[in-house]
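Taking it in order: structure first as structure tokens, then the write-up.
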There are 2 protein chains.
Amino acid sequence: MPKTTFFNLPEEKRQAILDAALEEFAAYSYEQASVNRIVARSGIAKGSFYQYFEDKRDLYFYLLQQASEVKMFYLAPHMAQAQTQNFFTLLRDLYGAAIQFAMEHPRYAELGKRLMDSKGSAIYDEIMAAHADEAIEFFASLLQNAIDQGEVRADINVPMFAHLIVSLNTLIMAYYLEHIARDYDDRLLETLDSFITFLRHGLVAS
Amino acid sequence: MPKTTFFNLPEEKRQAILDAALEEFAAYSYEQASVNRIVARSGIAKGSFYQYFEDKRDLYFYLLQQASEVKMFYLAPHMAQAQTQNFFTLLRDLYGAAIQFAMEHPRYAELGKRLMDSKGSAIYDEIMAAHADEAIEFFASLLQNAIDQGEVRADINVPMFAHLIVSLNTLIMAYYLEHIARDYDDRLLETLDSFITFLRHGLVAS
DNA sequence: TGGTCATATGACCGCCTGGTCATATTGTAG
DNA sequence: CTACAATATGACCAGGCGGTCATATGACCA
């Protein structure tokens, strides 16, 4: 956690530092991100940085936590419907909310993507050890529920497909944002529907 | 390309260097891999390294090229069947061959994975600019072919699903190797079949 | 033996890293 | 105006990086 000195800072300065840091961690992995560049871009002295944060890690984790809070703000309303909604409809809404989040907070989204691309690094392992893949657990229970409701085939490997569904989220998000539209666009619903149709019925010609 | 001096080296020494380098680039991204560690591990002097290779990049590209040649050795027999095989069967064979490759050449597989996780880095962009996503082109034409044959629904976004099929390859590979079996195991065929069934018919209960 | 050429070596270079710390500046309360 | 605490600063540190180069070693031929 940042030191109290950081939270005593005038709003404007604090935001400037967070913006500079977010830009850095969105552009570089944790290891390659540079404290020197962050302080240069935010116009503070190197020494000041260490008056505000324990170390580079401290700032990084703070940003990650902020990003996850903002993302949860988008996801929570749909997650609350988990018991009542049809599985595939819920999935479409969750994927849609995640893309919405990424469009409205591109830096936070890049931060998360950068972390997901750091598999095998010490920092990734540490974070995953702490959070124990909560997302996968969530989707696994969702899947199990859908099987019990008769919405989903019972012969699937639940953990594997839970894993898949999580990864597909970031895949479809990245594809949509890079190849279809960067801002809000009515092709979003269309793309999501076509994707969910695939998850439902596969690719085979009927 | 490595310099001729490198190829004049006694087989044993050359392999020792390649092994050390492969281990390094399998464990660290290109940027974080260390020439110092490579020379230390292979027992040669720093100066010698630069008698053998132009620079770190030179060695890295050489390893990547070797890895891709070995991988093509596994894939080529199946790719040759592209015109005659059923789309889904072909896909299963290709995914299977890729997993076989990863099991028999884990270091090469890690090297490739590490590269795929470097999206956004200069080296990744450079490699992708040079190879223009050949894999995606291949699967796109495969998909189009399958549509023409009536094997696959005609209403899909071909580039998007080509993209998806490529990414799913690395996904299913990583999942199988990390969560199911690290060596050859009869669960491979079972896992592949269940996965291909999903690609065909989706998750919905019939 | 002496000469020539390929190869091997590690000290060294400039640069960047995350992090520290003595000092200077500022704000505030008495 | 003083005194004290909070904050701001950048020179500095040790260590790692990729890469260079003068020199040493070794192999081969005359």
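No hydrogens, no waters, no symmetry mates; every other heavy atom, side chains included, goes into these values. Residue numbers begin at 1 in each chain, while the letters A, B, ... track the order of the sequences.
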Going by number, which of [range] have a non-hydrogen atom under 4.0 Å from DNA chain C?
| range | result |
| --- | --- |
| residues 13-31 of chain A | none |
| residues 111-120 of chain B | none |
| residues 38-62 of chain A | Lys46(A), Gly47(A), Tyr50(A), Asp55(A), Lys56(A) |

The bend of the helix from dT1(C)-dA30(D) to dG30(C)-dC1(D), taken between the axes of its five terminal pairs at each end and rounded to 10°, is 20°
Salt bridge (charged side-chain N to carboxylate O under 4.0 Å, His left out) filter on Arg92(A), not counting sequence neighbours, yields Asp193(A)
Shortest non-hydrogen contact from Ala98(B) toward Asn169(B):
CB-OD1, 3.7 Å
Atom pair [atom1] ([X]) and [atom2] ([Y]), whose distance is rounded to the nearest 0.5 Å:
| X | Y | atom1 | atom2 | result |
| --- | --- | --- | --- | --- |
| Leu115(A) | Ile123(A) | CG | CD1 | 8.5 Å |
| Lys56(B) | Phe49(B) | NZ | CZ | 9.0 Å |
| His179(B) | Thr191(B) | NE2 | OG1 | 12.5 Å |
| Leu75(B) | Tyr95(B) | CG | OH | 12.0 Å |

Distance flag, aromatic centroids of Phe88(A) and Phe195(A), threshold under 6.0 Å:
no
Starting at the 5' end of DNA chain C, which residue's closest nucleotide do you reach first, Asn36(A) or Thr5(B)?
Thr5(B)
Looking at Phe7(A), Tyr62(A), Phe6(A), Tyr60(A), which hits ring-ring contact (aromatic ring centres under 6.0 Å, His included) with Phe53(A)?
Phe6(A)
Is the cationic atom of Arg153(A) (NZ for Lys, CZ for Arg) positioned less than 6.0 Å from the six-membered ring centroid of Phe161(A) and within 45 degrees of its normal?
no
Considering only heavy atoms from C-beta outward, does the side chain of Ile180(B) approach that of Asp185(B) to under 4.5 Å?
no
State, with a plain yes or no, whether a side-chain heavy atom of Phe139(A) is found less than 4.5 Å away from one of Leu94(A).
yes
Basic-acidic side-chain contact under 4.0 Å: [X], [Y]:
| X | Y | answer |
| --- | --- | --- |
| Lys119(B) | Glu178(A) | no |
| Lys113(B) | Glu110(B) | no |
| Arg187(B) | Glu190(B) | no |

Quick one: Arg37(A) CZ to dG18(C) C1', roughly how many Å, whole number?
13 Å
First and last nt of DNA chain D near chain A, cut-off under 4.0 Å to heavy atoms, 5' to 3', are dT7(D) to dG10(D)
Pick one: which of Lys71(A), Gln66(A), Glu69(A) meets side-chain hydrogen bond (donor to acceptor under 3.5 Å, both in side chains) with Tyr108(A)?
Gln66(A)
